[in-house]
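Here the structure is laid out as structure tokens; the discussion comes afterwards.
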Amino acid sequence: MELNNLTISKLRQKLADGELTSVELTRACLERIAATNGKVNSFITVCEKAALAAAEAADRRIAAGDAAPLTGIPLAVKDIFNTLDVRTTCGSKILDNYVSPYDATVIAKLREQGAVIVGKLNMDEFAMGSSNENSAAGPVLNPWDLQRVPGGSSGGSAAAVAARQVSATLGTDTGGSIRQPAAHCGVVGLKPTYGRVSRFGVIAYASSLDQVGPLAGNVEDCALLLGAVAGYDPADSTSVDTPVPDYLTTLKEGVKGKKIGLPKEYFIEGLDPDVKKSVAAAIATYQQLGAEIIEVSLPHTDYAVACYYLIATAEASSNLARYDGVRFGVRKDAGEGLVGMYRQTRAAGFGDEVKRRIMLGTYALSSGYYDAYYLKAQKVRTLIREDFFAAFEQVDLLLTPVAPTPAFKIGEKVNDPLQMYLSDIFTIPVNLAGTCGISLPCGMSHEGLPIGLQLLGKPFAEAEILQAAWAFENATDWGGKFPEL
Ligand code: GLN
């Protein structure tokens with residue numbers, strides 16, 4: 001299935017030259033999905049008919065000389081984005097068969113461009129998790145090793161790219177959910193600055209942290225997809241009205257003279273030796289490329305995981321209150337009155353991890369504990385944010401590992417939530433700070449598992465981290481590797 005190994009820019013060229021039609025390409029993707037989804041379980045819903053209809057429309061548009069950058073390109077999206085024509089489950093039983101009456105803004109943007117949405121991708125329920133084991137649709141398996149997790153919560157979005165089911169996907173990142181699965185599956189994933197991409201029509205987990213971003217097989221495709229979805233949206237009051245640069249024009253400018261900071265708190269004991277080695281080699285590569293490496297400090301890093309799990313669960317407990325069996329999705333009612341109906345619906349509809357977080361969040365917000373937990377976490381969040389701004393006075397970007405270890409085994413951490421939560425230790429702080437980060441492949445473990453490198457940028461400096469990522473991808477052989485399946 002050669003077609004599936006091509007980059008979006010190559011596919012665009014072939015579509016433009018008439019060497020290939022979008023219908024042929026879409027069929028190739030659908031065949032690849034049919035052949036591999038039984039192994040990786042990355043798709044919750046495949047929309048074959050709608051995809052082929054969109055591909056036909058794209059072919060007409062290309063023939064008319066009216067193609068946009070994504071016209072005719074098959075893509076898939078995490079099942080957290082509302083879509084008019086197909087159900088949106090958010091990985092939960094409570095939204096089984098929920099069909100939204102409108103498209104999320106990012107979906108509408110993709111459709112306007114003529115992209116072909118082939119389906120909705122598996123994820124941890126309500127985006128809560130780091131392994132994709134918390135999905136009502138069952139776990140996603142890592143295409144590099146089917147015994148291992150793909151990471152989470154956008155596990156389906158990362159695995160679909162690694163398995164070459166589609167060239168690129170959309171995910172969301174609240175505490176690492178794009179970058180950590182991208183690292184575990186050997187693909188590129190970018191979490192934009194809070195406010196860069198509209199979240200209108202994206203099912204909310206923790207609203208002060210959630211962001212939408214692209215995952216792709218290479219940095220350029222990631223830049224292209226980000227450009228297609230970024231921008232101000234009057235329907236999302238947290239989106240920021242600042243111009244979207246053309247990420248492709250500055251992509252190849254290199255890193256000569258850039259100052260790259262290494263936060264010393266991120267190079268800790270307990271870092272897997274293969275991760276340590278690969279990240280050290282990446283640092284050396286940047287030096288050879290002309291960047292200046294400077295040690296910096298983010299002194300409040302130790303508090304980030306605790307702070308995140310108070311704020312994220314508090315916001316989740318409030319956001320998930322809307323699933324009451326009345327307005328959305330599934331209802332369970334054994335005739336025990338209104339409160340009984342709420343209780344039965346939520347008891348049957350939510351999985352264990354979601355229930356755990358609703359309880360933690362409700363507790364942190366309850367009177368008597370609010371000041372001690374929630375308010376304190378907000379103050380710590382400000383300190384963490386200030387750490388980043390102080391570091392960015394000294395350097396242009398920061399370089400860190402994405403995760404402390406390569407992908408772990410399925411089942412390894414399910415009974416130990418704390419261990420699971422700690423797998424996001426390097427990705428969470430940037431969500432608390434609200435700035436941007438990218439994850440890209442930088443090595444392989446001795447067991448043949450991909451290792452990710454994280455680059456963090458100033459607010460709205462997506463162009464800069466993409467540029468640094470591209471420079472690395474082109475100076476090394478780590479990008480664009482995909483497993484046999
Ligand atoms: N793993 C983290 C969590 O479970 C982050 C999830 C995310 O970014 N959506 O909350």
Side-chain angles (χ1 to χ4, degrees), residues 77-81 90-92 121-135 139-140 149-158 169-184 189-194 197 199 202-215 304-320 350-361 364 377 381 402-405 407-408 412-414 416-439 452 454:
V77 301
K78 187 174 182 177
D79 205 16
I80 198 168
F81 298 102
C90 216
S92 183
L121 297 160
N122 205 343
M123 56 181 285
D124 281 303
E125 183 177 9
F126 286 102
M128 297 174 187
S130 311
S131 67
N132 225 300
E133 292 165 292
N134 305 330
S135 168
V140 176
V149 304
S153 65
S154 314
S157 301
T169 59
L170 284 184
T172 58
D173 190 313
T174 304
S177 277
I178 289 174
R179 292 160 288 154
Q180 185 253 20
H184 287 346
L190 187 145
K191 182 205 100 73
T193 307
Y194 188 77
V197 182
R199 300 172 309 159
V202 183
I203 295 177
Y205 160 18
S207 306
S208 77
L209 300 157
D210 299 339
Q211 251 301 292
V212 175
L215 296 98
V305 172
C307 173
Y308 170 87
Y309 276 97
L310 284 165
I311 293 173
T313 57
E315 292 182 12
S317 76
S318 161
N319 272 327
L320 271 60
F350 289 136
D352 288 349
E353 183 61 24
V354 173
K355 286 179 185 158
R356 171 163 31 233
R357 296 197 188 196
I358 291 172
M359 287 190 276
L360 283 170
R381 178 177 188 172
V402 181
T405 65
F408 45 91
E412 193 179 315
K413 299 191 186 193
V414 275
D416 190 347
L418 191 59
Q419 274 312 311
M420 189 72 95
Y421 296 173
L422 283 172
S423 59
D424 302 318
I425 189 162
F426 302 138
T427 49
I428 277 175
V430 105
N431 297 78
L432 292 167
T435 172
C436 59
I438 190 168
S439 164
Q454 181 172 237

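Both ligands and their constituent atoms are indexed starting at 1 by order of listing.
Thr172 and Asp210 form no side-chain donor-acceptor contact under 3.5 Å, judged by distance and modelled atom types alone. Residues Asp173 and Asn431 bring a donor and an acceptor atom of their side chains to less than 3.5 Å of each other.
With sequence neighbours excluded, no residue forms a ring-ring contact (aromatic ring centres under 6.0 Å, His included) with Tyr194. Residues forming a side-chain hydrogen bond (donor to acceptor under 3.5 Å, both in side chains) with Arg381 (at least two apart in sequence, or on another chain): Ser208. In this structure Ser423 satisfies the side-chain hydrogen bond (donor to acceptor under 3.5 Å, both in side chains) test with no other residue, sequence neighbours excluded.
Protein residues having at least one heavy atom under 4.0 Å from any atom of ligand 1 are Ala127, Met128, Gly129, Ser130, Ser153, Asp173, Thr174, Gly175, Gly176, Ser177, Tyr205, Tyr308, Tyr309, Arg357, Asp424, listed by chain and number.
Remark: Tyr309 OH to Leu422 CG distance equals 8.5 Å, nearest 0.5 Å.
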